[in-house]
Amino acid sequence: MTTNHAVPGLPDPGHCLVMGVVNVTPDSFSDGGAWFDHDAAIAHGLRLVAEGADIVDVGGESTRPGAQRVSSTEELRRVVPVVAALSAEGVHVSVDTMRAEVAEAAITAGARLVNDVSGGLADPAMPRVVGKAGVPYVVMHWRGHSHDMQTRSVYDDVVREVGDELRRRADAVIREGVDPSLIILDPGLGFAKRPEHNWALLAHLDELLRFGPPVLVGASRKRFLGRLLATPDGAPRPFLDCDDATLAVTALVAAAGAWCVRVHEVRPNADAVRVVAAVAQGGAVDSMR
Ligand code: PMM
């Protein structure tokens with residue numbers, strides 16, 4: 001098993017971290033916009049921490065396949081008050097944004113990590129803002145905005161190509177001033193990827209882990225899980241019924257050495273990463289009472 005990395009400024013509990021998702025959007029594909037109201041979003045974030053989330057990821061723009069962009073004004077309005085309130089409660093908040101302006105405002109409001117699904121491609125100012133702030137930066141594999149990203153899901157060798165493209169993005173953001181020790185890589189499951197691409201990336205996660213930076217995996221409630229679990233007549237399993245499948249992915253990637261999983265349903269995943277760590281340590285932990 002590849003060892004878990006510590007990322008400066010973020011918790012290092014000795015197991016794969018759990019990032020709980022708070023989508024402050026009316027149209028998120030997986031939680032139906034249930035946390036669109038600020039107070040509801042803040043309460044949900046605190047509940048996720050109580051359930052074992054190490055980080056809470058706050059996002060104001062849906063990246064559901066086919067989604068249209070929101071304005072930066074609207075994204076700021078959605079995200080900043082939630083980031084500020086959760087940060088004031090001592091929560092490690094990550095901001096899920098592709099916009100430098102939103103990242104900067106969120107960092108000022110207390111966010112400790114920038115989660116950029118575009119890996120710095122959507123807004124060329126992003127890497128400089130993150131570099132200047134000196135916060136950890138999730139660089140995800142991305143080939144274009146959600147409205148037409150599925151047209152870009154063409155690969156000869158998805159594992160090699162995603163790896164190469166991610167490595168190039170990491171080099172690019174380092175040139176723009178991001179500290180290499182603060183980079184986290186993410187294969188971007190579901191982003192310009194068909195189900196078979198996601199499964200291949202999961203099967204060969206070791207190749208991404210070998211690059212060096214910590215790896216974050218976001219499989220939670222994604223369509224490829226629903227497709228796998230489709231009914232005999234081909235109807236995909238609804239997103240909200242894919243949490244057990246998400247849990248299976250969590251256990252597998254945590255055992256493979258992932259640094260963090262991004263999930264909607266925190267408690268079972270927080271339990272799973274602890275089980276994986278206990279097995280990996282083979283009984284050599286004093287918490288095994
Ligand atoms: N997936 C979504 C949103 N943000 N961030 C990272 N780093 N990795 C992901 O896989 C990812 C992400 C889309 O899922 P959601 O709309 O259900 O939150």
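Just so we're clear, the structure is a prediction, and the values are computed from it rather than from any experiment.
- Using a distance-only test at 3.5 Å, with no hydrogens or angles considered, a donor-acceptor pair links the side chain of T246 to the main chain of R221.
- Considering every non-hydrogen atom in both L185 and A170, the closest pair reads CD2-CB, 4.3 Å.
- Identified under the salt bridge (Lys or Arg N to Asp or Glu O under 4.0 Å) test for residues 121-142, with sequence neighbours left out: R128-E176.
- Proximity of D54 to H15: side-chain heavy atoms (C-beta onward) are separated by under 4.5 Å at one or more points.
- Going from atom CG of L225 over to atom SG of C242 covers 5.5 Å, rounded to the nearest 0.5 Å.
- Judged purely by atom type and a 3.5 angstrom limit, T25 has no side-chain atom pairing as donor or acceptor with the backbone of E61.
- Within the structure, the ring pair (Phe, Tyr, Trp, His ring centres under 6.0 Å) test picks out the following pairs touching residues 105-144 (sequence neighbours left out): W142-H145.
- Separating the CE atom in M19 from the CZ atom in R262 is a distance of 7.5 Å, to the nearest 0.5 Å.
- N198 approaches G190 most closely through the heavy-atom pair OD1-N, 2.8 Å.
- A donor-acceptor pair is defined here as one N or O able to donate and one able to accept, closer than 3.5 Å; such a pair exists between the side chain of K222 and the backbone of L189.
- Scanning both residues, A270 and G52, for their nearest heavy atoms gives CB-O, 3.9 Å.
- Here the side chain of H38 pairs a donor or acceptor atom with the backbone of R77 at under 3.5 angstrom.
- V135 is listed as a side-chain neighbour of I107, based on a closest heavy-atom distance under 4.5 Å.
- Residues H92 and P11 form a side-chain contact, since some pair of their non-hydrogen atoms from C-beta on lies under 4.5 Å apart.
- Taking CG of D12 as the reference point, atom CG of L10 lies at 9.5 Å (rounded to 0.5 Å).
- Between atom SG of residue C260 and atom CG of residue L17 there is a gap of 5.0 Å, rounded to the nearest 0.5 Å.
- Residues D243 and P268 form no side-chain contact, since every pair of their non-hydrogen atoms from C-beta on lies 4.5 Å or further apart.
- Two different hydrophobic clusters hold M140 and L182 under the rule that ILVMFWY side chains link at heavy-atom gaps under 4.5 Å.
- In this structure, R160 pairs ionically with D164, as a charged nitrogen and a carboxylate oxygen lie closer than 4.0 Å.
- Counting all heavy atoms, side chain and backbone alike, V273 lies closest to A254 at CG1-CB, 4.2 Å.
- In this structure, the side chains of V49 and L86 stay at 4.5 Å or more apart for every pair of heavy atoms.
- Smallest separation of non-hydrogen atoms from S153 and H197: O-CE1, 3.3 Å.
- With sequence neighbours excluded, no residue forms a salt bridge (charged side-chain N to carboxylate O under 4.0 Å, His left out) with R167.
- A chain of hydrophobic side-chain contacts below 4.5 Å, direct or via other Ile, Leu, Val, Met, Phe, Trp or Tyr residues, connects V91 to V266.
- Rounded to the nearest 0.5 Å, atoms CG (L76) and CZ (R78) are 11.0 Å apart.
- Checking V117, V58, V22, V24 one by one against D96, the side-chain contact (heavy atoms from CB on, under 4.5 Å) holds for a single residue, V117.
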R47 and H44: CA distance, side-chain angles, deciding distance, side chain to side chain contact (heavy atoms under 4.5 Å, CB included) verdict: CA-CA 5 Å; R47 189 156 55 244; H44 185 58; 3.4 Å; yes
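- For the pair P8 and S181, the minimum side-chain heavy-atom distance is below 4.5 Å.
- Between the side chain of E161 and the backbone N or O of D156, at least one donor-acceptor pair lies under 3.5 Å.
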Audit row: F224, L229, side chain to side chain contact (heavy atoms under 4.5 Å, CB included) steps and yes/no: CA-CA 9 Å; F224 73 106; L229 304 172; over 6 Å; no
Candidate pair L252 and L202, rule side chain to side chain contact (heavy atoms under 4.5 Å, CB included), full reasoning: CA-CA 9 Å; L252 289 165; L202 285 170; over 6 Å; no
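- For R69, the CZ atom sits in a packed shell: over 12 heavy atoms of surrounding residues, nucleotides or ligands are nearer than 6.0 Å.
- In this structure, R169 contributes its side chain and E165 its backbone to no donor-acceptor pair below 3.5 Å.
- No side-chain donor-acceptor contact under 3.5 Å links R237 to the backbone of A230.
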Steps toward side chain to side chain contact (heavy atoms under 4.5 Å, CB included) verdict (R194, V158): CA-CA 10 Å; R194 297 173 51 78; V158 66; over 6 Å; no
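- Side-chain heavy atoms closer than 4.5 Å link hydrophobic residues (I, L, V, M, F, W, Y) into clusters, and following such links, even through other members, never connects L247 to L228.
- Linking Ile, Leu, Val, Met, Phe, Trp and Tyr residues whenever their side-chain heavy atoms come within less than 4.5 Å places V56 and V80 in a single cluster.
- When side chains are defined from C-beta on, P136 counts as touching I184, because their heavy atoms get closer than 4.5 Å.
- You'll find the side chain of K193 reaches within 4.5 Å of the side chain of F191, heavy atoms only.
- In terms of modelled atom types and a separation under 3.5 Å, the side chain of H204 and the main chain of L201 share no donor-acceptor contact.
- When all heavy atoms are compared, the tightest approach of V79 to G60 is CG2-N, 3.3 Å.
- Side chain of R267 to main chain of E51: no donor-acceptor pair is present (N/O by atom type, distance under 3.5 Å, no hydrogens or angles).
- Atom-to-atom distance recorded for W259:CH2 and D186:CG is 10.5 Å, nearest 0.5 angstrom.
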Criterion side chain to side chain donor-acceptor pair (under 3.5 Å) on N269 and T250, from CA distance to verdict: CA-CA 7 Å; N269 288 283; T250 290; 2.6 Å; yes
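- Linking ILVMFWY side-chain heavy atoms closer than 4.5 Å, directly or via other members, places V129 and V173 in two distinct hydrophobic clusters.
- Using modelled atom types, no side-chain atom of E74 and backbone atom of V70 make a donor-acceptor pair closer than 3.5 Å.
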